[in-house]
Amino acid sequence: MVNHKPLYIGIVLKRRRVEKCISQEELSFRSSTTRTYISMLERNLKKPSLETIFAIAAAFEIKASEFIKEIEEHHEKN
């Protein structure tokens with residue numbers, strides 16, 4: 001059965017960013033995106049490509065699979 005709840009990537013992204021004490025500007029620099037795009041991701045206004053997920057995970061110094069797993073776990077809880 002397909003679950004049509006929205007993905008909460010923004011919540012996980014912001015939580016990780018705040019825990020690491022990284023500004024949106026710094027995260028955008030580290031992930032080769034823009035601050036505006038990071039802001040839109042955090043507010044769930046945009047959905048990132050797989051390439052962007054890998055870039056953001058690398059900026060957090062984690063594997064993309066770990067980042068996706070966190071998103072998946074949050075998604076299942078809500």
### Task
Look at the side-chain heavy atoms of Ile, Leu, Val, Met, Phe, Trp and Tyr, link any pair under 4.5 Å apart, and say whether I71 and I22 land in one connected group.
yes

### Query
Applying the 4.5 Å side-chain criterion to the ILVMFWY set and letting contacts propagate, would F29 and I38 be lumped into a single cluster?
no

Validation: residues 47-59 side-chain donor-acceptor distances under 3.5 Å, sequence neighbours left out:
residue, atom, partner, partner atom, Å
S49, OG, E51, N, 3.4
S49, OG, T52, N, 3.1
S49, OG, T52, OG1, 3.0

### Message
Once side-chain contact (heavy atoms from CB on, under 4.5 Å) is applied, do any residues pair with S32, and if so which ones, sequence neighbours excluded?
### Response
none

### Task
With sequence neighbours excluded, tell me which residues meet side-chain contact (heavy atoms from CB on, under 4.5 Å) with K46.
Y37, M40, L41

### Summary
In this structure, CG of N44 is separated from NZ of K14 (nearest 0.5 Å) by 11.5 Å

## Note on the structure
Those residues at least two apart in sequence (or on a different chain) that pass side chain to side chain donor-acceptor pair (under 3.5 Å) with S23 are none

### Summary
Contacts of R16 meeting side chain to side chain donor-acceptor pair (under 3.5 Å) (sequence neighbours excluded), chain-then-number -> E66, E70

## Note on the structure
In short, F67 meets V12 closest at the heavy-atom pair CE1-CG1, 3.9 Å

### Task
Specify the closest pair of heavy atoms between L13 and L27, including all atoms of both residues, with the distance to one decimal.
CD1-CD2, 3.7 Å

### Message
Using side chain to side chain donor-acceptor pair (under 3.5 Å), reason through T36 and T34 one step at a time and then give a plain yes or no.
### Response
CA-CA 5 Å; T36 302; T34 65; 4.8 Å; no

### Task
Classify the angle between the aromatic ring planes of H75 and Y8 as parallel (below 30°), tilted (30 to 60°) or perpendicular (above 60°).
tilted

### Query
How would you list all residue pairs meeting salt bridge (charged side-chain N to carboxylate O under 4.0 Å, His left out) that involve residues 27-42, not counting sequence neighbours?
R17-E42, E26-R30

